[in-house]
Structures are given as structure tokens and as C-alpha cells.
2 protein chains.
Amino acid sequence: MGLREKKAQRNRERIVREALALFARHGYEQTTMESIARAAELSPSTLYRCFPSKDLIVLSRFKSYAEEFARVFAACSMKRPVDEALAQAIFTTLEAEDARETETLLVRSIIDKAPVARARLWDYIAEQQRQLCKLLAHRLHAKPDDLRIVLAAQTAMMIAGIAADRWRSTGRKTPSRATAAELMRLIEQQAVVFPRPPAKSVKPARRPARPAPRK
Amino acid sequence: MGLREKKAQRNRERIVREALALFARHGYEQTTMESIARAAELSPSTLYRCFPSKDLIVLSRFKSYAEEFARVFAACSMKRPVDEALAQAIFTTLEAEDARETETLLVRSIIDKAPVARARLWDYIAEQQRQLCKLLAHRLHAKPDDLRIVLAAQTAMMIAGIAADRWRSTGRKTPSRATAAELMRLIEQQAVVFPRPPAKSVKPARRPARPAPRK
DNA sequence: ATGTCAATTGACAGTAACTATCATAATCAC
DNA sequence: GTGATTATGATAGTTACTGTCAATTGACAT
């Protein structure tokens with residue numbers, strides 16, 4: 001590997017490190033690209049060459065999770081039923097995220113407070129959903145826009161999102177994996193208030209596995 | 001109502017109308033706030049007072065749908081089972097969106113091409129999800145962060161999102177309502193590849209209602 | 001009508017995230 | 001080493017947005 005790429009890699013790492021520190025200290029909006037460049041000891045021009053926009057600095061941390069997810073899924077999607085592979089990928093990715101406690105919490109708290117960065121993260125997640133559709137479609141020999149494929153992909157992302165959220169909001173007391181498993185259970189048992197088409201004939205009066213919380 | 005508010009209202013409308021026209025003509029990024037102000041015949045200062053940011057101009061069209069959703073849901077959530085009210089609200093809102101063909105398509109195509117605006121829309125949708133959680137929680141006498149509530153709210157938004165997307169991507173040949181109904185059916189029948197916890201005991205080899213599409 | 005007061009407006013100045021360009025300096029290929 | 005290539009940094013510009021302040025306009029009592 002060339003010496004050039006090594007240097008670029010080190011640059012990127014230092015930028016992210018220094019930027020996160022500044023964001024944590026003064027807030028995302030208050031930190032200018034110029035100050036980041038100063039902290040990372042390079043010119044604004046170079047900074048913009050590495051990260052064309054400010055939010056990419058924060059978002060770069062999420063790419064590793066996305067890559068891990070795709071890797072795990074690809075690894076076991078051929079040996080096992082799809083739903084198991086999907087669940088496995090969710091669990092593994094979530095656990096990896098839980099494991100990096102301080103960094104995950106830091107990055108999320110920065111993002112939550114910064115509307116622009118937060119919005120960009122949503123957009124990134126939507127992109128990941130599309131990627132997952134492709135993976136699923138390939139595995140099931142279906143088209144990526146098959147309704148069942150789209151539904152499965154979005155459900156998976158939803159589960160991961162809720163679980164990760166909960167881990168944060170409970171002060172990392174609830175492991176993401178447990179929440180994700182619980183969500184899958186709820187879905188499978190239909191123990192949730194699901195939207196359904198308005199009663200066409202009978203109302204089966206579905207009985208939730210757990211009684212709905214009443215006052 | 002004062003004459004003052006009338007004027008403000010008319011201002012807002014003209015701004016949105018002219019801005020959408022400009023966006024459609026030259027693209028979102030290429031249209032400057034200054035040119036919008038010129039087209040709407042007011043100073044940039046006033047424009048910024050009406051719409052603190054550029055994306056709010058585009059997003060303002062979505063607020064009506066969100067309000068309609070909340071209204072319909074509130075209207076029938078007390079008389080009927082929650083899931084029916086939820087489905088009804090989804091259907092009504094989607095049909096209203098379908099009905100405004102040209103405008104909906106225009107706004108969506110603008111947003112899809114503009115990363116910043118698109119990202120903001122995601123953020124807005126996330127906010128709506130939180131609002132829906134509150135509504136559901138109130139109706140079911142539960143806490144807004146109850147897992148079942150969150151799951152239900154996000155599932156509802158997901159269904160609406162997929163349905164609206166499909167209506168657009170199929171050149172408005174597939175009515176949103178039909179897609180939404182189909183999605184609800186798929187969920188209820190578990191005819192989808194759902195993520196589930198890795199097999200702990202047996203593999204029941206679930207049989208989808210419709211055979212999975214094979215090549 | 002007219003004067004008074006408050007809210008709206010628009011002009012101006014400033015900040016910061018980008019974008020484009022180009023000379024200079026560091027790497028690579030030989 | 002030398003020449004081609006590529007990364008760097010300085011500089012200038014565009015644009016979204018923020019803040020301030022004087023001028024204007026509408027609301028309202030008399």
C-alpha cells in the first residue's frame with residue numbers, strides 16, 4: 001500500500017477524532033470547519049477534500065456498522081433461513097454498537113442536538129434500507145421492489161432503530177439485543193396494535209399475549 | 001381576523017407557489033432565496049421571517065397531511081378499536097395525497113433530487129412518529145415509550161411511507177390505499193420474511209400465504 | 001380624521017458552509 | 001535523479017442564514 005494512502009487514512013482519523021472532541025465540547029453548530037482544520041493541523045482545503053461536508057464527519061462512524069451488517073448477513077444468509085440470518089445480522093450489529101459505549105453515546109448525543117446532522121442520518125438510514133432490499137432480493141431471487149422484500153427490509157431497520165434508541169434512552173440499561181428480540185416476539189405473536197383494514201366481516205377480537213396496559 | 005394576518009397568510013401562499021415553480025424549473029439547489037424573494041415580490045428579510053429556512057418552504061406542504069392524519073385519528077379513535085382508527089387515518093391521508101396528483105408528484109420529485117430537503121423530510125417524519133406515539137399512548141392509557149406503542153406507530157408510518165412511495169414509483173398506477181391494505185394483510189398473515197430470534201428449538205418452516213417469488 | 005403605539009418590513013452588515021481555481025509541494029514511476 | 005502525477009494550501013467567490021435598526025404600515029382610541 002502506498003505511503004500516500006496511509007497518510008490520507010491517518011488524516012481522516014485525526015479529523016474525526018478532533019472534530020468529535022470539539023463537537024462534544026462546544027456543540028456541533030458552534031464548531032466551525034475552520035476550527036476543526038486548525039485542531040487537525042491541516043488547511044480548510046484539505047479538510048474539505050477529506051470530508052466534503054460537515055455532517056459526513058459525524059456520519060462516518062455509522063458506516064462501519066452498515067458494513068458490518070452487510071458482512072454478517074452475507075456470511076450466513078446462504079447457510080440459514082433468511083429470517084434467521086437477518087436476525088443474526090441485527091443482533092451482531094447492535095451488540096457491536098452497544099460495546100463501543102462511550103463513542104456511540106457521544107456521537108448520538110451530538111447528532112440528536114444538531115438538526116442538520118440528524119436529518120442527514122435519517123437519509124443515510126434510508127439509503128441503507130435500499131441496500132438491504134437489494135441483499136434480500138438477491139437472496140430470495142425476487143425483485144428489490146417486491147412488496148414483501150421492502151416490508152421485510154424496513155421492518156428490520158425499524159427493529160434495529162427502536163432497539164438502539166431504547167438502549168440510549170434507558171441509560172444503556174436495556175441491551176439492544178434484548179429489545180430487538182422482544183420486538184421480534186411482539187411482531188410474531190401479533191401482540192401489538194397493528195393497523196388493519198377496517199373490519200370487512202367479523203372482528204376476531206384479537207387477544208394480545210400481554211394484556212394491553214390499561215390505566 | 002385582522003387584516004394583518006390575512007396579508008401574512010397570502011404572503012406565505014405566494015411564496016410557496018412561486019418557490020415551487022422556481023424549484024421545478026431550475027432545481028432546488030439552483031434556486032436562491034433571493035430569487036424566491038424577487039418572484040414573490042418581497043424582501044429577503046420578510047421571506048426569512050415567513051420561512052426561517054429554505055427547506056421549510058417545501059416541507060410546509062406536508063404539514064397539512066400530518067394535521068389531517070391526526071384529525072381523522074382523533075375523530076374515530078374513541079368510537080372504534082384503535083387498529084381500525086389507525087388504518088382509517090392512514091387510508092384517508094393517503095387518498096388525500098393521491099388526490100392532489102400534480103402537486104404531490106411535483107413536491108416529491110423536488111425533494112428526491114435535493115439531499116438537504118430530503119433529509120429534512122425524514123427528520124420531520126420522525127417527529128410525526130413521536131406525535132403518533134403520544135396519540136396512541138393517550139388512547140391506550142399507556143406510556144408513549146411503551147414498546148408496543150412505539151412499534152405500532154412506526155409500523156403505521158412505515159406502511160404509509162411504502163404505499164406513498166409505490167404510488168409514485170409506479171407512475172400513480174397503484175393507488176396508495178391498495179398498497180397499504182396489502183401491506184396490512186401481509187403483516188397480519190405473517191406472509192413476509194420477518195426477522196426472528198435465531199432458532200432456539202424447532203424451525204416451524206413458516207409457510208407464506210403467497211409462495212415466495214422464485215426465479 | 002388624527003395621533004399614538006406596536007408590529008411588520010426592508011436595508012445593511014456579518015458569519016460560516018461550501019465551491020472553484022491555481023500555484024506550490026510532496027509522492028510515485030522510472 | 002527526473003519527470004509526471006497527485007495532494008496541499010492560499011485566495012476569492014457564492015449563498016444560506018443571523019442580527020440590528022430605521023422606516024413604514026396597520027390597529028385603535030379619541
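Below, chain A is the first sequence line, B the second, and so on; all start at residue 1. For the numbers below, each heavy atom of this structure counts, side chains included, while hydrogens, waters and symmetry mates do not.
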[X] has an atom [atom1]; how far is it from atom [atom2] of [N], in whole Å?
X	N	atom1	atom2	result
A/Leu56	C/dA17	CG	C1'	13 Å
B/Glu5	D/dA27	CD	C1'	12 Å
A/Glu41	D/dT8	CD	P	14 Å
A/Ile15	D/dA7	CD1	C1'	13 Å
B/Arg38	C/dA11	CZ	P	13 Å
A/Arg10	C/dA26	CZ	P	16 Å
A/Phe23	C/dA16	CZ	C1'	13 Å
A/Ile36	D/dG9	CD1	C1'	18 Å

Next item on the list: Please work out whether the ring planes of B/Phe73 and B/Phe69 are parallel, tilted or perpendicular, with thresholds of 30° and 60°.
Entry: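 Plane angle under 30°, so parallel.
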Check: Do B/Arg4 and D/dT25 share a donor-acceptor pair, side chain to base, under 3.5 Å?
Finding: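 Counting by modelled atom types and ignoring angles, a donor-acceptor contact under 3.5 Å is found here.
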Notebook entry, point to check: To the nearest 10 degrees, what angle separates the axes at the start and end of the helix from C/dA1-D/dT30 to C/dC30-D/dG1, five pairs each?
Noted result: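 So the angle between the two local helix axes works out to 30°.
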Note to self: Return a single string for nucleotides 10-21 of chain D, one symbol per nucleotide in 5' to 3' order, where B is base contact, S is sugar-phosphate-only contact and - is none, cutoff 4.0 angstrom on heavy atoms.
What the structure shows: B----SSBB---
Margin query: Looking at B/Lys7, I'd like to know whether one of its side-chain N or O atoms comes within less than 4.0 Å of OP1 or OP2 on C/dT8.
Written below: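 For B/Lys7, the contact criterion (side-chain N or O under 4.0 Å from OP1 or OP2 of C/dT8) is not met.
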Check: Phosphate oxygens OP1/OP2 of C/dT9: is one of them under 4.0 Å from a side-chain N or O of B/Asn11?
Finding: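 For C/dT9, OP1/OP2 do have a side-chain N/O of B/Asn11 under 4.0 Å.
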Between [X] and [Y] (salt bridge meaning N to carboxylate O under 4.0 Å), is one present in this structure?
X	Y	answer
A/Glu188	A/Arg185	no
B/Asp112	B/Arg168	yes
A/Glu34	A/Arg38	yes
A/Arg17	A/Glu13	no
A/Arg108	A/Asp165	yes

Notebook entry, point to check: Would you say A/Thr104 and A/Glu97 make side-chain contact, with heavy atoms under 4.5 Å?
Noted result: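 Touching, per the 4.5 Å side-chain cut-off.
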Next item on the list: Indicate whether the side chain of B/Thr46 and that of B/Ser43 have a donor and an acceptor atom separated by less than 3.5 Å.
Entry: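 Yes.
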Notebook entry, point to check: On the ring face of B/Tyr28, is B/Lys54 found with NZ or CZ under 6.0 Å from the centre and within 45° of the axis?
Noted result: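 B/Lys54 over B/Tyr28 ring: yes.
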